[in-house]
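See below for the structure under consideration.
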2 protein chains.
Amino acid sequence: MRILLVEDDAETADYVARGLEEAGHVVDRAADGQDGLFLATGGGHDVMVVDRMLPKLDGLSMVRAARAAGIATPVIFLTARAGVGDRVEGLDAGGDDYLAKPFAFAELLARINALARRPPLQQQVTVLRVGDLEMDLIRRTVIRAGRRIDLQPREFRLLEYLMRREGQVVTRTMLLEGVWDFHFDPKTSVVETHVSRLRVKVDKGFGRELIHTVRGAGYVIRADG
Amino acid sequence: MRILLVEDDAETADYVARGLEEAGHVVDRAADGQDGLFLATGGGHDVMVVDRMLPKLDGLSMVRAARAAGIATPVIFLTARAGVGDRVEGLDAGGDDYLAKPFAFAELLARINALARRPPLQQQVTVLRVGDLEMDLIRRTVIRAGRRIDLQPREFRLLEYLMRREGQVVTRTMLLEGVWDFHFDPKTSVVETHVSRLRVKVDKGFGRELIHTVRGAGYVIRADG
DNA sequence: CCTCGACCAGCAGGATCCTCACGGTGCCTC
DNA sequence: GAGGCACCGTGAGGATCCTGCTGGTCGAGG
């Protein structure tokens, strides 16, 4: 999930961004309302987390402007003030939720999930399965045929990306964007290298291969054939 | 607080869920007894609010099944019928409280708060075990392979947090919130320092290690490799 | 048989993590 | 209230390990 974080306090921003990234999300950051609005209008975010008090352009105005520009992305406001009046103001401006500082990160995460219209925690997909390969997203473990497989962070993201698109050919460009956050061509064989490493761990010694190369196109993960 | 709401009538469910969320709780929802039971057995709820009449599996049976599965979470039943006989039935099944529809939301909230403050009647977990490591929460003692281990308060909380999530990777952010009550990034190596100290006491000299670091993610406690 | 894409071993740089010594804080004792 | 002690957070320095790149090799497809 791609989340836009607009927060001027560096400490809070770092904390939130770190937590979100640990939870597997991609975070775009802005330190003031002007930059925030710019990024927001770029679109492509699933949720925005916006501080009310911001330099240059306050959070309320930023969200109003974004809404006026046709951006419908759900918004959660962060604020030091927690009065009812503020809450109404925030919701009026097009905010969807509201969180008073200081807040527990776990709560923010729960609200983000709620807003993104994802089913609540217990119901989300937490286990991906392709053939006899199994990935538990919460425990962060991968098991094939009963044997645990240890993966590096990047390998884990790569495998997750593939497994979420079982049977679908995934292009290099998709991988570079979704797994590496590269929005350009590195002109190296990063992807191939990691697919190779992944194969050694996931496919080698298990007989049937799951990761297949589609020449000229990309890769697929698939249980059959 | 995390609340499980099991209610098939969408209107009532929306109403209750919204109210609870506004009161600062996190709400997990299910529309029938089967889903409800599934979520309930996932654990982690402080209170369950359950309708008596549910599709697939009625509320009473659901709670009985949950109790049988070792779930001690307090339950409040919602019901259209308000007879004394029903009340007894509900309490017999393992319900803790009872509310007849239509009800005032404020009353539900009050009862939830009352229930959550009460220590659950069933025997709660007082001993955590991971491999040959054993933590007694009441005596505040830790024993591994028959040898007693003395831990400092913070070390104890840290180990407890890990053990309660055996096999699950715990991020630094989770630890900072759950063990330190920090809602910001201290930008120091507090966590690492304490994990290090904990390891010396818990793992050193016991051969097999229980606390593992997952680079780029966090830590896990696990008995096997 | 030639060409181009794919594969992968090896390596260096850098990010992450571990450990340790130090000092601050709060509590207890006298 | 001074002194001592236990506990904990800080930050530096070093160890470890991940990761992206290079370049040689392989093999499919034409």
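Protein chains get the first letters and strands the later ones, always in sequence-line order, with residue 1 at the start of each.
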Task: A:R172 or B:R199, whichever maps to the more 5' nucleotide of DNA chain C - done: A:R172

Open item on the list: Regarding A:Y219, tell me which of base, sugar-phosphate or nothing describes its non-hydrogen contacts under 4.0 Å with the strands shown.
Closed with: sugar-phosphate

Open item on the list: Between A:D46 (side chain only) and A:R2 (backbone N and O only), is there a donor and an acceptor less than 3.5 Å apart?
Closed with: yes

Open item on the list: Reading DNA chain D from 5' onward, which residue's closest nucleotide shows up sooner: A:E155 or B:L151?
Closed with: B:L151

All N/O pairs under 3.5 Å across the protein-nucleotides 20-25 of chain D interface:
residue : atom : partner : partner atom : Å
D:dG20  : OP1  : A:R154  : NH1          : 2.3
D:dG20  : OP1  : A:W180  : NE1          : 3.4
D:dG20  : OP2  : A:W180  : NE1          : 3.2
D:dG20  : OP2  : A:H194  : NE2          : 2.7
D:dG20  : N7   : A:R197  : NH1          : 3.3
D:dG20  : O6   : A:R197  : NH2          : 2.5
D:dC21  : OP2  : A:T188  : OG1          : 2.4

Task: End axis versus end axis in the helix from C:dC1-D:dG30 to C:dC30-D:dG1, the angle rounded to 10°, five pairs used at each terminus - done: 30°

Dump the pairs, protein N or O against N or O of nucleotides 28-30 of chain D, anything under 3.5 Å, distances to one decimal.
none

- [ ] Could you list where the contact with chain A starts and ends along DNA chain C, reading 5' to 3', using a 4.0 Å heavy-atom cut-off?
- [x] C:dG5 to C:dG10

Open item on the list: Which label fits A:F182 and A:W180: parallel for a plane angle under 30°, tilted from 30 to 60°, or perpendicular past 60°?
Closed with: tilted

- [ ] Using a heavy-atom cut-off of under 4.0 Å over every strand shown, decide if B:Q152 touches base, sugar-phosphate, or nothing.
- [x] sugar-phosphate

- [ ] Applying ring pair (Phe, Tyr, Trp, His ring centres under 6.0 Å), name anything that partners A:H45, two or more places apart in sequence or on another chain.
- [x] none

Task: Modelled atom types, side-chain donor and acceptor of A:T213 and A:R199, under 3.5 Å - done: yes

Open item on the list: If only side-chain N and O atoms count, and only distance matters, is there a donor-acceptor pair under 3.5 Å linking A:Y15 with B:E177?
Closed with: yes

Task: Residues that B:K187 engages under side-chain hydrogen bond (donor to acceptor under 3.5 Å, both in side chains), provided they are two or more places apart - done: A:D14

